[in-house]
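Within every chain, numbering begins at 1; the chains are lettered A, B, ... in the order of the sequence lines, protein sequences first and strands thereafter.
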Number of protein chains: 2
Amino acid sequence: MASQTEENYLKSLFNLANEAGEVNISELAQQMQVSMPTVNSMVKTLQKNGWLIYEKYKPVILTQEGKKEAALVIRKHRLTEMFLVNKMGFGWEEVHEIAEQIEHIHAPKFFERMDEMMGHPTVDPHGSPIPDKLGRIQEVNYLTLSQCKTGQLVVLAALTNSSTEFLEFLNSRELNLGKELKIQSKESYDQSMVVSFKDHASETLSEKVCDRLLVRVIG
Amino acid sequence: MASQTEENYLKSLFNLANEAGEVNISELAQQMQVSMPTVNSMVKTLQKNGWLIYEKYKPVILTQEGKKEAALVIRKHRLTEMFLVNKMGFGWEEVHEIAEQIEHIHAPKFFERMDEMMGHPTVDPHGSPIPDKLGRIQEVNYLTLSQCKTGQLVVLAALTNSSTEFLEFLNSRELNLGKELKIQSKESYDQSMVVSFKDHASETLSEKVCDRLLVRVIG
DNA sequence: GTATATTGTTAGAACTATCTAACAAAATTG
DNA sequence: CAATTTTGTTAGATAGTTCTAACAATATAC
Ligand SMILES: [Mn+2]
Ligand SMILES: [Mn+2]
Ligand SMILES: [Mn+2]
Ligand SMILES: [Mn+2]
């Protein structure tokens, strides 16, 4: 059984993996907020325990076991976030830190019960997919708002960043998942966009914001 | 902030303390399922961190800080157990192990929200009192069923032991908290008692069981 | 293609939480 | 009260997770 620390490394590895499944030591060190020697010694441990493949001076790659373990921790994290929002009345900006801890609880029934109570949700409060019990993730490919064109009608479906500050920014504009946005115009100088939606006749969103909003085009 | 390990020691210390607040190293070692040298070194750490008073060859005593910290962990444990039973549909025999982990979550809002959702319960699913936010415990003094007399009508209010096996035994007899029991007779040879209650005209309970049932006399 | 910058590794140390073996103090017992 | 048992301590070790300093390999830039 992976320790709490190992579980956190596995999650980071899973999220940082490129198309080839590779992760560099330096990236991992930055993500985990530890030094490179710490990562170096931890990847040796993770390899010893069968979670990844490590060869000196090469990027590391999660094994199938490692990927599954990571996905199952991510499942617990996202189920927890959804439970906190849907069943306990927390805001989507409050749940990540709590889920970061609860994801390490070893009690399958606890998470199965959450899942049942919510009717088996497929995404978390930030629109990220919840892996199934076997660790499989249903990939969905949304567009960023930046990629959309003037005149299109889109639904806000997910986020590429879920920092508290960004979520609070979205709260302040009443931008939540499921909201339908009409793209009024796009400023070619700075790539900012003007959108309209319920009770917001014209809201200007910077490029930075548009890059972080994932949408489905519906018209 | 106390580590997870320290929190578990504090809880044990709190529960083992005698009238004078003292706990022996050997008791603590047994309770924590570790060796005496381990306890010896841990009490030095706990002392260093201000949670208890330790002098060589003397029993240890929690400081006020230590007592409060312990009570607050116990609060989280018992709120969690109550939440699991009342809001998530778990049986009272399933919740202790899960609560043993969740009690270490550092997220005051999470437990406050549980507390609110349940309307500020004062006891856990096994009838043990839930300390308040300041770590104060409202002491209630029940009688054990053994101490009661033939003919008395009592309400099952709490347990002196909440092991899974005992809880499953109680489940098998439909003995749950709040149940009214009429004491039909007591066998002076083995101190067993015959009681009657809803759908159970005459159920015989051994001395061991009677010692573990805490009741309020209502008639 | 050499110099420089970046990335990765090793060595050595610290701190937490645990163990066993050996010894010492305190309590119990006859 | 002396012998024995129980309780508690010390010493020394291990495993996990982290650090800094020093060095080595690889990648980038000129
Ligand atoms: Mn999250
Ligand atoms: Mn975590
Ligand atoms: Mn419990
Ligand atoms: Mn615990």
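Remark: A/His96 engages A/His77 in a ring-ring contact (aromatic ring centres under 6.0 Å, His included) (not counting sequence neighbours).
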(request) Start with the C-alpha gap between A/His126 and A/Glu81, add the side-chain angles, then the distance that decides, and say whether side chain to side chain donor-acceptor pair (under 3.5 Å) holds. (result) CA-CA 9 Å; A/His126 315 107; A/Glu81 288 190 341; 3.2 Å; yes
(request) Please test B/Trp92 against B/Asn176 for side chain to side chain donor-acceptor pair (under 3.5 Å), starting from the C-alpha separation and ending with a verdict. (result) CA-CA 9 Å; B/Trp92 66 347; B/Asn176 36 48; over 6 Å; no
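Residue pairs meeting the salt bridge (Lys or Arg N to Asp or Glu O under 4.0 Å) criterion with at least one member in residues 101-117 of chain A, sequence neighbours excluded: A/Lys11-A/Glu103, A/Arg75-A/Asp115, A/Lys109-B/Glu94, A/Arg113-A/Glu116. Screening residues 127-136 of chain B for salt bridge (Lys or Arg N to Asp or Glu O under 4.0 Å), with sequence neighbours left out, gives B/Asp132-B/Arg136.
Counting non-hydrogen atoms of neighbouring residues, nucleotides and ligands closer than 6.0 angstrom, the CD atom of A/Gln191 exceeds 12 such neighbours. Within 6.0 Å of the CD atom in B/Gln147, the count of heavy atoms belonging to other residues, nucleotides or ligands exceeds 12.
Taking CG of A/Leu62 as the reference point, atom CZ of A/Phe14 lies at 8.0 Å (rounded to 0.5 Å). Taken from CG in A/Leu156 to CG in A/Leu145, the straight-line distance is 8.5 Å, to the nearest 0.5 Å.
Within residues 43-57 of chain B, the residues that place at least one heavy atom under 4.0 Å from DNA chain C are, in residue-number order, B/Tyr57. Looking at residues 1-32 of chain B, you'll see B/Asn24, B/Ile25, B/Ser26 sit with a heavy atom under 4.0 Å from some atom of DNA chain D.
The span of DNA chain D lying next to chain A, judged by atoms under 4.0 Å from heavy atoms, is bounded 5' to 3' by D/dT17 to D/dA25.
The separation between B/Met36 atom CE and C/dA25 atom C1' is 12 Å, rounded to whole Å.
Cation-pi geometry between A/Arg216 and A/Tyr142 is not met: the NZ or CZ atom fails to fall both under 6.0 Å from the ring centre and inside 45° of the normal.
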